[in-house]
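One structure, as structure tokens, below. Some questions next.
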2 protein chains.
Amino acid sequence: MAGKANGRKARNGRNGGGGTTMNDIARHAGVSPMTVSRALSDPSSVSEKMRRKVDAAVRQFGYLPNRIAGSLSSKRSNVVGLVVPSIRNSLYAAMIHAISDVARANGLHLMIANSGHRLEDEEALVSALLAQRVCGLVLHNTAHSKRLRELLARTDIPVIETGNLPAKPIDMVVSYSNFDAARAMTGHLGRLGYRRIGFVTLPLRDNDRSRERRRGYFAALKELGLPADPGLVLEAPGGFAEGADALVRLVQTHPDIDACFFAGDVLAVGALFECQRRGWAVPGRVAIASFDDLDLLRHTVPTVTTLRIPRQDIGRRSAELLVNRLRGASPQKVRIDVGFEIVQREST
Amino acid sequence: MAGKANGRKARNGRNGGGGTTMNDIARHAGVSPMTVSRALSDPSSVSEKMRRKVDAAVRQFGYLPNRIAGSLSSKRSNVVGLVVPSIRNSLYAAMIHAISDVARANGLHLMIANSGHRLEDEEALVSALLAQRVCGLVLHNTAHSKRLRELLARTDIPVIETGNLPAKPIDMVVSYSNFDAARAMTGHLGRLGYRRIGFVTLPLRDNDRSRERRRGYFAALKELGLPADPGLVLEAPGGFAEGADALVRLVQTHPDIDACFFAGDVLAVGALFECQRRGWAVPGRVAIASFDDLDLLRHTVPTVTTLRIPRQDIGRRSAELLVNRLRGASPQKVRIDVGFEIVQREST
DNA sequence: CCGTTCTGTGGTATCGCTACCAACCTATAG
DNA sequence: CTATAGGTTGGTAGCGATACCACAGAACGG
């Protein structure tokens with residue numbers, strides 16, 4: 001004996017499967033390990049009789065196949081890697097949720113990492129995910145470090161970028177255009193008759209999405225024939241208080257401001273609450289527009305005009321593209337623009 | 001040649017590491033594979049000279065070690081499994097974020113799954129995670145299916161339950177008491193002088209947390225010497241509209257209601273907005289209290305009295321417990337009550 | 001100067017599963 | 001009754017790493 005119980009410690013021995021291996025199941029079912037493998041991964045490829053024997057043994061031992069061994073052997077994994085700038089943000093949460101659903105329906109698992117908006121961290125996390133041999137990647141970011149681009153260029157797993165429509169995608173992209181969206185909303189405000197439109201942006205550093213939005217704002221002003229006043233643009237970290245603060249500063253330095261477009265929904269809501277507090281009529285004193293259709297914006301008083309970005313669609317379609325590619329679809333570059341929609345509400 | 005390129009298809013061939021294996025690195029560095037393994041996993045165990053040779057070869061090839069093979073061989077994985085009722089909910093997001101940070105600082109990855117509040121799904125997901133040989137589990141739920149309890153009993157990986165303080169924990173628990181929290185808030189409202197306190201609960205089915213909260217509400221009423229009127233209790237799915245609707249119904253059926261305690265923050269905010277819309281003074285007409293300290297509640301007008309649950313602490317401490325156990329801490333049952341705090345604000 | 005400890009390195013044997021090929025058995029046709 | 005095809009089953013050889021043991025040379029004491 002000792003034949004099996006060799007020297008190595010069985011540290012993780014009874015990992016749920018009771019430490020049982022496929023060989024044990026095979027022995028007890030009186031079939032070969034290969035038959036067990038087949039019975040579990042493709043039941044239709046074995047005879048009814050074999051299947052029953054295997055199933056019985058599996059149930060008896062509560063056997064759970066070791067996917068680590070399976071992945072190593074088959075050189076295929078069933079884990080998708082996902083890197084988002086922040087897990088805490090509900091925008092990403094909606095996307096993650098959709099990806100998770102599609103993934104699960106296709107037998108895939110999700111390994112989620114958050115980069116905290118730091119490109120170096122994104123690079124390190126993707127490396128780690130590749131070391132885990134994920135079968136696909138979704139990155140909510142399109143402005144990568146040089147080394148990450150090189151790393152991804154050498155990979156042959158499918159990669160999906162989202163969050164923006166980049167000029168030079170790595171592989172597949174599913175997103176909307178931050179530029180177009182911000183331009184459209186600014187234009188919308190102009191057409192509603194607002195003339196002094198402020199703009200509050202999220203941090204611009206290492207964030208092409210923020211920069212694109214600001215570019216869109218300026219482009220729209222130009223199209224509207226309105227002067228671009230840099231004093232009407234403020235950069236603020238995301239947060240209710242920061243949004244409130246930004247609006248107050250804009251109103252105080254530019255009393256003629258008649259509308260303000262916030263490039264982040266939390267900023268907008270913070271500003272709205274501040275208006276309630278100060279008794280500033282919205283949109284009477286100042287109109288407020290937001291970015292991203294948080295559920296919340298539909299319920300505040302007044303309700304807030306915003307851009308609806310189909311976050312869930314982005315997640316779903318990203319996952320579907322991944323699944324298709326894993327199923328053998330040819331690796332052609334795909335670029336899906338899911339678009340956006342202006343939702344006109346009471347605040348403008 | 002062909003020596004390496006044997007019959008098997010290299011489907012996942014160049015997974016980021018260029019398909020390079022440790023053997024390749026060893027050959028090119030002129031050392032044994034074992035030295036490469038050691039140089040990478042514990043550089044101090046290898047001489048300066050060897051380390052440099054290995055590092056050079058690793059950089060030259062952009063080699064990424066295959067953790068799947070590593071895990072299989074070492075019977076150790078560096079992936080933690082996490083099951084939450086809903087990824088979309090920001091409460092869980094705060095906890096996930098904290099877990100993610102601690103995990104990352106300790107070289108661990110996160111596999112996240114959402115059960116959608118369904119116990120059968122939780123069971124299936126945990127099975128799948130165990131099959132992936134996760135090195136630890138965090139479950140945001142304490143009311144498991146019988147089969148899941150059996151499954152987990154046979155496992156020897158650390159398991160953390162959270163979301164409630166169960167009577168019979170599986171392994172380790174990090175949570176607060178939903179009963180105590182709801183009781184404390186209801187008592188608080190009573191001590192503020194409110195006499196007709198409504199209660200709006202989230203769905204009770206398959207959710208021990210909701211049930212505990214309701215139990216706490218009734219316990220507090222008893223202690224306050226107030227009658228328990230079942231008509232003052234409403235069950236509502238989470239959502240702004242649902243909260244608004246619940247409050248309106250309570251006010252219409254019980255005009256003497258003077259306070260309402262919502263067991264979910266979104267419900268409370270929805271109700272608050274409805275009050276703004278209808279011009280009902282808060283707390284003049286009806287006081288509003290909430291559960292869970294969403295950032296939002298600190299900024300609404302009026303600000304909302306609520307229970308602060310240290311979600312981030314829960315995540316951090318859960319992860320720390322896991323890490324300690326993985327580092328060899330003895331498997332003793334741990335039960336951490338992180339407590340809660342009543343945050344009295346303008347709405348009551 | 002030799003034996004002993006210590007440190008660093010290499011070889012071998014798996015980890016638990018799946019791909020591939022070969023062998024078998026039952027059908028069906030000639 | 002034999003030949004060919006089709007559908008199942010089993011054996012073997014890895015997947016790419018690590019654990020363990022053995023061993024070579026350096027460092028040390030008597």
Side-chain angles (χ1 to χ4, degrees), chain A residues 2-27 29-51 53-54 63-78 131-133, chain B residues 3-27 29-51 53-54 58 63-78 131-133:
Chain A
K4 311 220 61 204
N6 58 53
R8 300 177 76 161
K9 258 189 292 185
R11 237 178 264 220
N12 235 355
R14 301 183 306 106
N15 246 344
T20 334
T21 73
M22 204 168 251
N23 268 304
D24 300 332
I25 299 300
R27 197 158 353 98
V31 302
S32 85
M34 268 317 299
T35 302
V36 178
S37 174
R38 279 189 281 248
L40 292 176
S41 62
D42 178 14
S44 75
S45 68
V46 303
S47 67
E48 175 71 27
K49 205 172 79 181
M50 292 285 166
R51 206 182 315 149
K53 285 203 238 178
V54 171
Y63 170 67
L64 277 178
N66 185 331
R67 293 231 160 281
I68 299 217
S71 296
L72 178 60
S73 180
S74 65
K75 293 165 170 292
R76 248 182 289 116
S77 99
N78 59 341
Q132 300 282 352
R133 295 301 189 267
Chain B
K4 311 220 60 207
N6 59 53
R8 298 176 78 160
K9 257 189 292 182
R11 237 179 265 218
N12 234 354
R14 302 184 305 107
N15 246 344
T20 335
T21 73
M22 202 168 253
N23 270 304
D24 300 332
I25 299 300
R27 196 158 353 96
V31 301
S32 85
M34 268 317 299
T35 301
V36 177
S37 175
R38 278 189 283 250
L40 293 175
S41 63
D42 178 14
S44 75
S45 69
V46 129
S47 70
E48 175 71 28
K49 206 173 77 181
M50 291 286 166
R51 205 182 316 148
K53 284 204 241 180
V54 171
V58 165
Y63 169 67
L64 277 179
N66 185 331
R67 294 230 159 280
I68 298 212
S71 297
L72 177 61
S73 181
S74 66
K75 294 166 171 293
R76 246 181 291 116
S77 99
N78 59 343
Q132 300 282 350
R133 294 304 187 265

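Computed from a predicted model, the values in this text were never measured in an experiment. Lettering of chains follows the sequences in order, A, B, ..., and the numbering in each one begins at 1.
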Task: Residue-phosphate contact under 4.0 Å: A:S71 side-chain N/O, C:dC17 OP1/OP2 - done: no
Task: Nearest-angstrom distance from the residue atom CG of B:L72 to C1' of C:dC15 - done: 4 Å
TODO: Mark yes when over 12 heavy atoms from residues, nucleotides or ligands other than B:R67 sit less than 6.0 Å from its CZ; otherwise mark no.
DONE: no
Task: C:dT18 phosphate, OP1 or OP2, under 4.0 Å from A:S74 side-chain N/O - done: no
Open item on the list: Using whole Å, what does the distance between atom P of nucleotide D:dG7 and atom CD of A:E48 come to?
Closed with: 18 Å
TODO: Please report, rounded to the nearest Å, how far the C1' atom of D:dA26 is from the NZ atom of B:K49.
DONE: 13 Å
Open item on the list: Check the phosphate of C:dC17 against A:Y63, side-chain N and O only, distance under 4.0 Å to OP1 or OP2. Yes or no?
Closed with: yes
TODO: Please state how far atom CZ in B:R38 lies from atom P in D:dG16, giving the value in whole angstrom units.
DONE: 21 Å
- [ ] Return the 5'-most residue of the pair B:A69, B:S45 with respect to DNA chain C, ranking by each residue's nearest nucleotide.
- [x] B:S45
Open item on the list: Nearest whole Å is fine: how far is D:dA17 C1' from A:N66 CG?
Closed with: 14 Å
- [ ] Would you check if the side chain of A:R38 reaches a backbone N or O of A:S45 as a donor-acceptor pair within less than 3.5 Å?
- [x] no
Task: Heavy-atom check, side chain of A:L40 versus side chain of A:Y63, under 4.5 Å - done: yes
Open item on the list: Measuring to OP1 and OP2 of C:dT18, would you say a side-chain N or O of A:S37 lies under 4.0 angstrom away?
Closed with: yes
Task: Gap separating the OG1 atom of A:T35 from the CZ atom of A:R51, nearest 0.5 angstrom - done: 12.5 Å
Task: Distance test, side-chain N/O of B:S32 to OP1/OP2 of C:dG10, below 4.0 Å - done: yes
Task: Nearest to side-chain heavy atoms of B:M34, which nucleotide of C:dC17, D:dT18, D:dA17 - done: D:dT18
Task: Exercise: identify the closest heavy-atom pair between B:S71 and A:I68 - done: CB-CD1, 3.7 Å
TODO: Please check the phosphate of D:dT9 (OP1 and OP2 only) for any side-chain N or O of A:T35 closer than 4.0 Å.
DONE: no
Open item on the list: A side-chain contact here means heavy atoms from C-beta on lying under 4.5 Å apart; do B:N66 and B:T21 qualify?
Closed with: no
Open item on the list: How many whole angstroms separate atom CE of A:M22 from atom P of D:dC15?
Closed with: 19 Å
- [ ] Report the end-to-end axis angle of the helix from C:dC1-D:dG30 to C:dG30-D:dC1; each axis comes from five terminal pairs, and the value is rounded to 10°.
- [x] 40°
Open item on the list: Taking any heavy-atom pair under 4.0 Å as a contact, classify B:P33: base, sugar-phosphate, or nothing.
Closed with: nothing
TODO: Would you check if B:L64 and A:R133 make a side-chain contact, meaning some heavy-atom pair closer than 4.5 Å?
DONE: yes
Open item on the list: What is the separation between atom CZ on B:R76 and atom C1' on D:dG16, rounded to the nearest whole Å?
Closed with: 15 Å
- [ ] Please confirm whether the backbone N or O of A:A69 pairs with a side-chain atom of A:S73, one donor and one acceptor, at under 3.5 Å?
- [x] no
Task: Nearest-angstrom distance from the residue atom CG of A:N23 to P of C:dC15 - done: 9 Å
Open item on the list: Side-chain N or O of A:K75 versus OP1/OP2 of D:dG14: is the shortest distance under 4.0 Å?
Closed with: no
Open item on the list: What's A:R67 touching, base or sugar-phosphate or nothing? Going by heavy atoms closer than 4.0 Å.
Closed with: nothing
